[in-house]
Visitor: 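What follows is a structure written as structure tokens; I'll ask about it next.
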Amino acid sequence: MKVTETNIEGCFIIEPKVFEDSRGYFFESYNLEVFNNMLEQSINFIQDNESFSVKGTLRGLHYQEGEYAQAKLVRVIEGEVLDIAVDIRENSPTFGEHVSLILSGENKKQLFVPRGFAHGFVVLSNTALFSYKCDNFYNKDSECGIIYNDSELNIDWKLNNEELVISEKDKILPTLKNAIL
Ligand SMILES: Cc1cn([C@H]2C[C@H](O)[C@@H](COP(=O)(O)OP(=O)(O)O[C@H]3O[C@H](C)C(=O)[C@H](O)[C@H]3O)O2)c(=O)[nH]c1=O
């Protein structure tokens, strides 16, 4: 596994070693030892999620606040997404900045998103199967979000607005400034 720091402290890109042969391929999609070497505190992923989305689907930007904040290890099994993680850790020197990268079944890249980040992605392929691990349980009452096109975040989602498929819930999320008031 190759681990690369991103432009934001604590957010890492993980590239697994893929073993290919005449049958296909194999790789370890998660190994605790990688995280024990990468992080100062041990991580305990306790919930796995999966979502399937059509082209143009934009899920996010979501986070859980307070004691239910979640760190996530996100990856794409099939298809291609632009994945975004926004640093909303108060007092962080990169507060409001984001990591942006392509995750795909092809590149098999994974992104570790620490607690204190808002996360989202947009589907660039016809469909995308998205899978991720969380280190805290889902807690509906702690669910928060930031509107995807918050001008202060300056995120390039690559697609035009008319191509986007967004849930009614996500269409009315607040800006970062209003979310943290
Ligand atoms: C996240 C979650 C949702 N749900 C239920 C709640 C809704 O009835 C239904 C769909 O939820 P939602 O529309 O919030 O799903 P996404 O838009 O994919 O949400 C995710 O989007 C971005 C990419 C994230 O990073 C978050 O992990 C997560 O918020 O699943 C659960 O039962 N458990 C869960 O952990």
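Counting starts at 1 for both ligands and their atoms, in listed order.
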Visitor: Assess the residue pair F35 and I14 against the criterion (side-chain contact (heavy atoms from CB on, under 4.5 Å)); give the C-alpha distance rounded to whole Å, side-chain angles, the decisive distance to 0.1 Å, and a yes or no.
Guide: CA-CA 10 Å; F35 286 82; I14 296 157; 3.6 Å; yes

Visitor: For a 4.5 angstrom cut-off between non-hydrogen side-chain atoms, does L124 reach K55?
Guide: no

Visitor: I'd like the contact residues of ligand 1, where contact means a heavy atom below 4.0 Å.
Guide: Q47, N49, R59, H62, K72, H119, F121, Y132, Y138, E143, K169

Visitor: Give the ring-plane orientation class for F26 versus F19, where under 30° counts as parallel, over 60° as perpendicular and anything between as tilted.
Guide: tilted

Visitor: Under 6.0 Å between the ring centres of Y138 and Y68?
Guide: no

Visitor: Does the separation of the ring centres of Y30 and F45 fall below 6.0 angstrom?
Guide: yes

Visitor: Could you identify which residues cluster with Y25, counting Ile, Leu, Val, Met, Phe, Trp and Tyr as linked when any side-chain heavy atoms lie under 4.5 Å apart, either directly or through a chain of such contacts?
Guide: V18, F27

